[in-house]
Amino acid sequence: MSHKRYSRRDEPLHSKDLAVCHRVLDHIRNEQGIEASSDESERIASIIIEFYRQGVHDQMQLRALIDVARGFTHRET
């Protein structure tokens, strides 16, 4: 029998988790004019989920981290 330990990152995301990720993705796509079916949209979605699995659940923090990951150094208000 395997005694492999599983981390929080191995657990499936639930509907409330996915809803948070989707809201962040929608906001970024609308703000940046990114098509939902584009490769960039898929890349952003993957990054959002990865950060979420790492424990970043605050929407503003997720958006800021996505900006950094995409090479934006500041957010226009």
Side-chain angles (χ1 to χ4, degrees):
M1 181 193 310
S2 174
H3 293 287
K4 181 179 177 183
R5 291 189 175 167
Y6 292 94
S7 71
R8 168 77 171 116
R9 292 181 63 205
D10 295 325
E11 294 178 12
L13 294 177
H14 298 283
S15 59
K16 71 176 190 145
D17 302 318
L18 291 172
V20 170
C21 294
H22 199 271
R23 279 192 299 273
V24 172
L25 178 61
D26 282 346
H27 180 85
I28 292 170
R29 284 194 315 221
N30 289 333
E31 183 179 71
Q32 301 293 321
I34 298 168
E35 293 291 323
S37 61
S38 69
D39 289 342
E40 182 66 5
S41 180
E42 289 182 24
R43 185 173 90 82
I44 292 168
S46 297
I47 296 168
I48 290 169
I49 289 171
E50 182 60 29
F51 282 134
Y52 194 91
R53 287 185 179 276
Q54 290 177 19
V56 181
H57 297 170
D58 180 79
Q59 292 181 46
M60 294 299 288
Q61 287 179 325
L62 285 166
R63 288 170 32 197
L65 288 169
I66 294 302
D67 283 350
V68 171
R70 294 181 67 223
F72 299 122
T73 57
H74 68 281
R75 177 173 291 282
E76 302 275 335
T77 55

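Remember, it's a predicted structure, so these values are computed and weren't measured experimentally. Along the sequence shown, residues carry numbers from 1.
- The two residues Gln59 and Val20 have their closest heavy-atom pair at CG-CG1, 3.8 Å.
- A heavy-atom distance below 4.5 Å is not found between the side chains of Asp67 and Arg63.
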| task | Go through the steps for Gln32 and Ile44 under the test side chain to side chain contact (heavy atoms under 4.5 Å, CB included), then give the verdict. | result | CA-CA 12 Å; Gln32 301 293 321; Ile44 292 168; over 6 Å; no
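- Expressed to the nearest 0.5 Å, how far CG of Leu25 lies from CG of Leu18 amounts to 11.5 Å.
- Between Arg23 and Asp26 no salt bridge is recorded (no basic side-chain N to carboxylate O distance below 4.0 Å).
- Panel note: side chain Ser41, backbone Ser38; no donor-acceptor pair is recorded below 3.5 Å.
- The distance from the CZ atom of Arg70 to the CZ atom of Arg43 is 6.5 Å, given to the nearest 0.5 Å.
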| Derivation and outcome, side chain to side chain contact (heavy atoms under 4.5 Å, CB included), residues Leu13 and Arg53 | CA-CA 8 Å; Leu13 294 177; Arg53 287 185 179 276; 3.9 Å; yes
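- Ile48 and Leu62 get closest at one heavy-atom pair: O-CD2, 4.0 Å.
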| query | Stepwise, does the side chain to side chain contact (heavy atoms under 4.5 Å, CB included) test hold for His27 with Val24? | reply | CA-CA 5 Å; His27 180 85; Val24 172; 5.8 Å; no
